[in-house]
Amino acid sequence: MYLLRRKAQNPVEDDSAQKEAQKEAQKEAKIKELRAALGPLSGRSLKYCTDACLGRYLEARNWNLEKAKKMIEETLRWRASYKPEEIRWHEVAHEGETGKVSRANFHDRLGRTVLIMRPAMQNTNSPEGNVRHLVYLIENGILNLREGQEQMSWLIDFTGFSLNTNVSVKTARECINILQNHYPERLAVAFLYNPPRIFQAFWKAVKYFLDAKTFQKVKFVYPKGKESVELMKTFFDVDNLPVEFGGQTTLKYDHEEFSRMMAQDDVKTAKLWGLDEKPCNIANGHMGAEVAPEPIATA
C-alpha cells in the first residue's frame, strides 16, 4: 500500500516540477527578449547587464518588458553620468567618520551583506555628500555579496535619534529614488529598530516615496514586541547581532580599521570594472591618492 501511495503522488510532484521548470524557462526567455530589446551594449554597460541584472529589473516591473527596458535604460544613463563604480573611499571617508552608515562584519542567515545605519550619527549637512556616501556603500555591499546571493539587509539603529540629526526629507527622497530605480531588488529587508515617536512625523513624509514592493520590505522592530523580535531572529543569528539590535555582540565602529577594509575593496572594485587605480595612503582613517611628483624643468 505504501508503494501504491507513493506512486500515486508522483504525478502531482512531477506536475509541480514541470510547472516550475516552465516558469524558469519563461523567465529566461523574457531575459533574452529584454537583452535583444536593449540592442548592442559595450563597455561598462555590457558588464553591468548580466542575465541576473536583467532579471532583477524585470522582477521590479512585474516582468513587463517595456517597463523593464525603460527602467534599465534610465539606470545606464544614470551610471554613465554618476559613475558609482568610480567612487573611492577617500572621496567619501569624511562622511563615514562617525559610522552613520557602514558594512557589517557579519551576514544574515541567508548570507546577505548587512548595512548598518545610525541616523543619530549624522555628521554633515551636505545632501550630495550623504547620497554619494550611501551609493558607495551600496556598491560595496554588492561587491561583498556571497556567491549566489543578490540582495542585502539593512539594520537601522535609532539610538539617540532626533529630527535635528536626521537627513532632510529631500535627501531621503533622493536616496530612496536611487535605491528603487537604480538598484532594484537589491534590498531584501530593512529593519527599523526601536524608532522613537518623533520619527513618525519623518516617516509619514517619506513613506509616500516608497513603491509597494519596497514598502513591504520595511519592518518596524521593537525590543518589547515578541513578534518583531522573533522576526529578527529568523533573519539573524543573535550571537552575531549587535546588542543595539537585540543581539549579544558588542560592535564598535572603528573608522581607521573600516577605512583600511574599504581601501582593499576599492582595489577589488577597480579590478572588477577594469579601471586603472592609483594607490592610496591611509592616515587617521582618511585616504588620499598618491600624487606623482611634478617634473623638474631642465634648462
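- Annotation: Met232, atom CE; neighbour count of heavy atoms from other residues, nucleotides and ligands within 6.0 Å is above 12.
- No donor-acceptor pair closer than 3.5 Å links the side chain of Ser81 to the backbone N or O of Trp78.
- With hydrophobic clusters built from ILVMFWY side chains whose heavy atoms lie under 4.5 angstrom apart, Phe161 does not share a cluster with Ile116.
- Between Leu65 and Leu58 the shortest heavy-atom distance is CA-CD2, 4.3 Å.
- Between the side chains of Tyr136 and Asp266, a donor-acceptor pair is found at a separation under 3.5 Å.
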> Yes or no on side-chain hydrogen bond (donor to acceptor under 3.5 Å, both in side chains) for Ser153 and Asp108, after CA distance, side-chain angles and deciding distance?
Replying inline: CA-CA 7 Å; Ser153 296; Asp108 69 11; 2.8 Å; yes
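- Other residues, nucleotides and ligands contribute over 12 non-hydrogen atoms within 6.0 Å of the CG atom of Asp239.
- Counting only distance, with no hydrogens or angles, the side chain of Ser228 and the backbone of Val221 share no donor-acceptor pair below 3.5 Å.
- No close placement of the Phe220 and Tyr193 rings is indicated, their centers lying 6.0 Å or farther apart.
- The pair Asp51-Lys32 does not count as a salt bridge, with every side-chain nitrogen at least 4.0 angstrom from each carboxylate oxygen.
- Judged by distance alone, with hydrogens and angles left aside, the side-chain atoms of Lys226 form no donor-acceptor pair with the main-chain N or O of Pro223 at under 3.5 Å.
- The existence of a salt bridge linking Glu86 and Arg44 is confirmed by a sub-4.0 Å separation between a basic side-chain nitrogen and an acidic carboxylate oxygen.
- Checked by atom type, the side-chain pair Asn164/Ser162 shows no donor-acceptor distance below 3.5 Å.
- The residue from Arg186, His107, Gln151, Arg146 that alone fulfils the side chain to side chain contact (heavy atoms under 4.5 Å, CB included) condition with Arg112 is Gln151.
- With sequence neighbours left out, Asn62 forms a side-chain contact (heavy atoms from CB on, under 4.5 Å) with Lys213.
- Stacking of Arg56 on the aromatic ring of Tyr183 is not recorded, the 6.0 Å distance cut-off and the 45° axial limit not both being met.
- The pair Glu95-Arg132 fails the salt-bridge criterion, with no side-chain N (NZ, NE, NH1 or NH2) lying under 4.0 Å from an Asp/Glu carboxylate O.
- Using modelled atom types, one finds no donor on one side chain facing an acceptor on the other under 3.5 Å when comparing Tyr48 with Thr75.
- With a 6.0 Å radius and a threshold of 12 heavy atoms from other residues, nucleotides or ligands, Arg173 has its CZ atom at or below the threshold.
- Screening residues 256-276 for ring-ring contact (aromatic ring centres under 6.0 Å, His included), with sequence neighbours left out, gives Trp89-Phe258, Tyr253-Phe258.
- Between Trp203 and Pro195 there is no side-chain heavy-atom pair separated by less than 4.5 Å.
- Classification of Lys23 and Glu20 as a salt-bridged pair fails, no side-chain N sitting under 4.0 Å from a carboxylate O.
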>> What verdict does the ring pair (Phe, Tyr, Trp, His ring centres under 6.0 Å) test give for Phe191 and Phe245, after you've listed the backbone C-alpha separation in whole Å, the side-chain angles of each residue and the deciding distance to 0.1 Å?
In response: CA-CA 9 Å; Phe191 285 105; Phe245 295 104; 9.0 Å; no
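- In summary, Lys233 and Glu230 engage in a salt bridge, as defined by a charged side-chain N under 4.0 Å from a carboxylate O.
- Ion pairing of Arg118 with Glu244 is present here, as a side-chain N (NZ or NE/NH1/NH2) and a carboxylate O approach within less than 4.0 Å.
- No single ILVMFWY cluster, assembled from side-chain heavy atoms under 4.5 Å apart, contains both Ile142 and Val114.
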>> I'd like to know whether Met262 forms a side chain to side chain contact (heavy atoms under 4.5 Å, CB included) with Arg88, so could you lay out the CA-CA distance, the side-chain angles of the two residues, the decisive distance to 0.1 Å, and finally the verdict.
In response: CA-CA 8 Å; Met262 293 300 99; Arg88 295 296 175 262; over 6 Å; no
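- Gln264 places no side-chain N or O within 3.5 Å of a backbone atom of Ser259 that could act as its donor or acceptor partner.
- One side chain, Trp63 or Glu59, offers a donor N or O that lies under 3.5 Å from an acceptor on the other.
- One hydrophobic cluster holds both Met117 and Leu179 under the rule that ILVMFWY side chains link at heavy-atom gaps under 4.5 Å.
- Under the 4.5 Å side-chain contact rule for hydrophobic residues, Tyr222 and Phe236 do not share a cluster.
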> Does the pair Lys217 and Glu185 meet the rule for a salt bridge (charged side-chain N to carboxylate O under 4.0 Å, His left out), with working shown?
Replying inline: CA-CA 10 Å; Lys217 296 174 182 179; Glu185 298 303 312; 3.6 Å; yes
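- At distances below 3.5 Å, at least one donor-acceptor pair connects side-chain atoms of Asn123 with backbone N or O atoms of His94.
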>> Working note: Glu66 + Lys70, criterion salt bridge (charged side-chain N to carboxylate O under 4.0 Å, His left out); need CA distance, chi angles, decisive distance, verdict.
In response: CA-CA 6 Å; Glu66 287 303 315; Lys70 180 182 178 182; over 6 Å; no
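- One hydrophobic cluster holds both Val169 and Phe215 under the rule that ILVMFWY side chains link at heavy-atom gaps under 4.5 Å.
- Counting only N and O atoms by type, the side chains of Asn130 and Lys100 include a donor and acceptor under 3.5 Å apart.
- For the residue pair Asp211/Thr214, the side-chain donor-acceptor check at 3.5 Å is satisfied.
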>> Run the side chain to side chain contact (heavy atoms under 4.5 Å, CB included) test on Ile72 and Leu38 for me, step by step, so that the C-alpha distance in whole Å, both residues' side-chain angles and the decisive distance to 0.1 Å come before the verdict.
In response: CA-CA 9 Å; Ile72 200 165; Leu38 288 170; 3.4 Å; yes
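- Under a 4.0 Å N-O distance rule, the pair Glu139/Arg79 qualifies as a salt bridge.
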